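Values below: every heavy atom of this structure, side chains too, minus hydrogens, waters and symmetry copies. In this text, all values refer to a predicted model and were calculated from it rather than measured experimentally.
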Amino acid sequence: MRSRKMISDEKYKKLLKQFHKLSDRHILVVETDMPSYDIQKVIKLSDKIRKAGNELVSLMKKNYDQLMRTKKYRKLLKLYGSTEDKKKRKDLAEQLNKMQKQYNVTWDYCRTAMIPISKKYGIDAVFALTKAEDIWRGIEKCLYDNGNTIHFSKYGDLPCIRAKQINRGIPMSVKDNKLQFKLGKSAFGIKINDGFQTDEVNAILNYLVEPEIVDNKAIQTLLDEAYCIDTYRPCYATLVPKLIRGKYRVYLHLTIEGKAKPKYDRFSNPRHRFGRGIIGADIGTQTVAYTSDTEIGLKNLAERGNSIQKSERLERLYYRAMDRSRRATNPQNYNKDGTVKNGRKSWKYSNHYKKLKAKHFELCRINAINRQLAINEDANHLRSLGAVFITEPKNASKLMKRAKETTVNSKGKFNKKKRFGKSIKNRCPSGFQTTIEKKFKVSGGTYIEVPNNYRASQYDHTIDDYIKKKLSDRMYNLADGTLVQRDWYSSFLLYCYNYKTETIDKDKCILKFEDCYNKEKALIEWIKANKIKILNSGIKVA
């Protein structure tokens, strides 16, 4: 190994900076032990950041809209998208950048414009800079990605208070072998509730005892073995205020360098085990079907127990009750046909409406947490079944869009243009797929998305041909008469993926089908016996 003395200070700083860029990061979420008067200060500061952010959004939105209204810029964008020659694309990119500077749609303008706004509201410069970064990220999405516009933060939204430097804004120190933080003149600690949080905090304290030695070891490992060790260096802190059951609570999100510590149960056994083998999964709008070497499954997405559907229905009922109350107290804002009038309006809200709104907000919060917990539980279970996860590319955002063409059904009535928006909102298929991808990649597994021409839902391995089926055909017969569930069969064909040719492996299909099909029949019988309602599966439960 190279010694520290052999590396100059300037080179050492460059290597350390490079290590910080390459290393993994994770976030430790813990609740603070702030008293109520300090929590109120945090909420006031968060609201000031929201107002300052809205002023900057207004300014940047105006500049962006003016830029997009120019014919020249739109024409350059179109040419840039259709041109394949690298030199021409480079020239067009320079012209686009020049126009962005001309209309003040640049990061430099966004950063400098935030300075007088932050002084107006009395916000610390490091918090203002972080908010400006968030707003610029939204502008970048509009400029270079699929974003349409940037949005304002409404009254009641509390943005996080983040300082991307550990020694500014929310500085950290160690007192009595415990982590302590400061916000202005207020000092506060954190509540540690479980073994995982204890292990994480102890790792941070160990780093802070001798940071230079750990950094030297990290750089030497990077140079000699091209590998990043877990240093558990605290990078920066973020305060996140939340309204829970009518009371405000403040959580600390501490960004830490390295991978998260493993979790253990009360018997000191690992909570999550990593399996080996292949998993083929068909992720729909509301369900997931999977096939692995040891297990097959078909279940609803983002569901913990049987209460989620009742909660979703109650959420809708609260919203409808709120709408009736709002219409009753503001009849002047509606037309005779029930639509909202155009133009500026003033709204009055009754006490009944406010109580309903509080109940609706709390129910939405609980449902959101349950969805996230269910997604994490399913991801951990799938990781325990195998190390290679094969699925189709994400398409949830496309399915959410309304149909463009107006069609008429056999009865002469217009078909609805809305598609899968409510299903995707309640079941989060894209969030589930993203969680799976992160879980497999972080834990040393492999995540594969098959090509678009794979068409697992249309293939029939008994005749080695593609047969187009209707979306409504959930249970169908193969060419040899075998009745299969469509989602499960798609997952089976994904399980039979050939890495070399990136196509379906017919020999594996023939070899594995009988065993997997017997498991599928047993699974469907178990679903019927336990009267489990699997959405859009075609399995009828008495």
Side-chain angles (χ1 to χ4, degrees), residues 273-285 287-299 301 375 378-396 398-399 429-469 471 473-476 478-480 482-521 523 537:
R273 299 183 184 276
F274 301 147
R276 295 181 180 179
I278 298 170
I279 307 166
D282 179 69
I283 301 170
T285 54
T287 60
V288 58
Y290 57 89
T291 303
S292 68
D293 296 338
T294 56
E295 181 184 317
I296 69 162
L298 177 63
K299 62 168 297 183
L301 282 170
I375 285 169
D378 291 342
N380 287 324
H381 177 65
L382 287 170
R383 183 63 184 90
S384 70
L385 296 177
V388 181
F389 187 87
I390 303 167
T391 188
E392 292 177 329
K394 300 181 184 75
N395 64 343
K398 294 175 184 176
L399 292 172
S430 186
F432 173 74
Q433 197 161 344
T434 303
T435 304
I436 286 282
E437 184 177 358
K438 287 180 182 177
K439 177 68 66 178
F440 274 76
K441 286 181 177 178
V442 167
S443 60
T446 306
Y447 173 86
I448 298 171
E449 288 186 358
V450 298
N452 288 322
N453 60 357
Y454 196 82
R455 293 186 294 162
S457 60
Q458 309 296 337
Y459 185 73
D460 187 338
H461 80 278
T462 58
I463 56 172
D464 190 23
D465 196 9
Y466 292 91
I467 300 171
K468 193 169 183 179
K469 305 170 188 71
L471 190 64
D473 294 338
R474 310 316 301 171
M475 302 284 289
Y476 66 90
L478 299 176
D480 64 351
T482 308
L483 182 68
V484 294
Q485 204 280 330
R486 178 172 180 159
D487 299 324
W488 168 78
Y489 188 64
S490 295
S491 74
F492 170 74
L493 294 175
L494 289 162
Y495 170 70
C496 299
Y497 175 73
N498 190 321
Y499 301 92
K500 294 179 181 178
T501 60
E502 295 186 349
T503 55
I504 298 169
D505 188 343
K506 188 183 177 183
D507 294 334
K508 187 176 179 180
C509 289
I510 296 167
L511 183 67
K512 297 280 187 179
F513 180 73
E514 188 175 351
D515 181 46
C516 292
Y517 179 64
N518 291 332
K519 289 179 181 176
E520 186 236 11
K521 287 197 294 184
L523 175 67
S537 64

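For the atom pair CG (Leu385) and CD1 (Ile279), the distance works out to 5.0 Å, reported to the nearest 0.5 Å. Rounded to the nearest 0.5 Å, atoms NE2 (His461) and CD1 (Ile510) are 6.5 Å apart. Atom-to-atom distance recorded for Asn498:CG and Ile504:CD1 is 10.5 Å, nearest 0.5 angstrom. Rounded to the nearest 0.5 Å, atoms CD1 (Ile448) and CD1 (Ile390) are 5.0 Å apart. Rounded to the nearest 0.5 angstrom, Phe389 CZ and Thr446 OG1 are separated by 12.5 Å. For the atom pair CD1 (Ile278) and CG (Leu494), the distance works out to 11.5 Å, reported to the nearest 0.5 Å.
Listed by chain and number, the residues in a side chain to side chain donor-acceptor pair (under 3.5 Å) with Asp464 are Tyr459 (sequence neighbours excluded). Listed by chain and number, the residues in a side chain to side chain donor-acceptor pair (under 3.5 Å) with Ser443 are Arg383 (sequence neighbours excluded). With sequence neighbours excluded, no residue forms a side chain to side chain donor-acceptor pair (under 3.5 Å) with Asp465. When the salt bridge (Lys or Arg N to Asp or Glu O under 4.0 Å) test is applied to Asp378, the partners found at least two apart in sequence or on another chain are Lys299. Under the side-chain contact (heavy atoms from CB on, under 4.5 Å) criterion, Ile467 pairs with Asp460, Ile463, Lys469, not counting sequence neighbours. Listed by chain and residue number, nothing satisfies the side chain to side chain donor-acceptor pair (under 3.5 Å) test with Tyr497 (two or more places apart in sequence, or in another chain). Residues satisfying the side-chain contact (heavy atoms from CB on, under 4.5 Å) test with Arg455, not counting sequence neighbours, are Gln458, Tyr466.
Within the 4.5 Å cutoff, the side chain of Asp282 has no heavy atoms near those of the Leu493 side chain.
Summarising the geometry of Ile296 relative to Cys516, their closest heavy-atom pair is CD1-O, 3.9 Å, with the distance given to 0.1 Å. Between Ser490 and Ala456 the shortest heavy-atom distance is O-CB, 3.8 Å.
Evaluation of the side-chain hydrogen bond (donor to acceptor under 3.5 Å, both in side chains) test over residues 287-297, restricted to residues two or more places apart or in two chains, returns Tyr290-Glu295, Thr291-Trp488, Thr291-Ser491, Asp293-Tyr495, Glu295-His381. Within the structure, every pair that satisfies the salt bridge (charged side-chain N to carboxylate O under 4.0 Å, His left out) test and touches residues 485-495, not counting sequence neighbours, is listed here: Arg474-Asp487. Within the structure, side-chain hydrogen bond (donor to acceptor under 3.5 Å, both in side chains) pairs that include any residue of residues 505-518 do not occur (at least two apart or interchain).
Between the Glu520 side chain and the Gln485 main chain, a donor and an acceptor come within less than 3.5 Å of each other.
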(Q) Go through it in stages, so that I can follow the logic: the residues are Tyr489 and Thr482, the test is side chain to side chain contact (heavy atoms under 4.5 Å, CB included), and I'd like the CA-CA distance, side-chain angles, deciding distance and then a yes or no. (A) CA-CA 11 Å; Tyr489 188 64; Thr482 308; over 6 Å; no

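In Asn452, the CG atom is not crowded: 12 or fewer heavy atoms of neighbouring residues, nucleotides or ligands sit closer than 6.0 Å.
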Compile the donor-acceptor pairs under 3.5 Å between side chains in residues 432-441 and protein atoms, sequence neighbours left out, one pair per line.
| unit_1 | atom_1 | unit_2 | atom_2 | d |
| --- | --- | --- | --- | --- |
| Gln433 | NE2 | Glu392 | O | 2.9 |
| Gln433 | NE2 | Tyr447 | OH | 3.1 |
| Thr434 | OG1 | Ser430 | O | 2.9 |
| Thr435 | OG1 | Gly431 | O | 2.8 |
| Glu437 | OE1 | Lys394 | NZ | 3.1 |
| Glu437 | OE2 | Lys441 | NZ | 2.9 |
| Lys439 | NZ | Asn380 | OD1 | 2.7 |

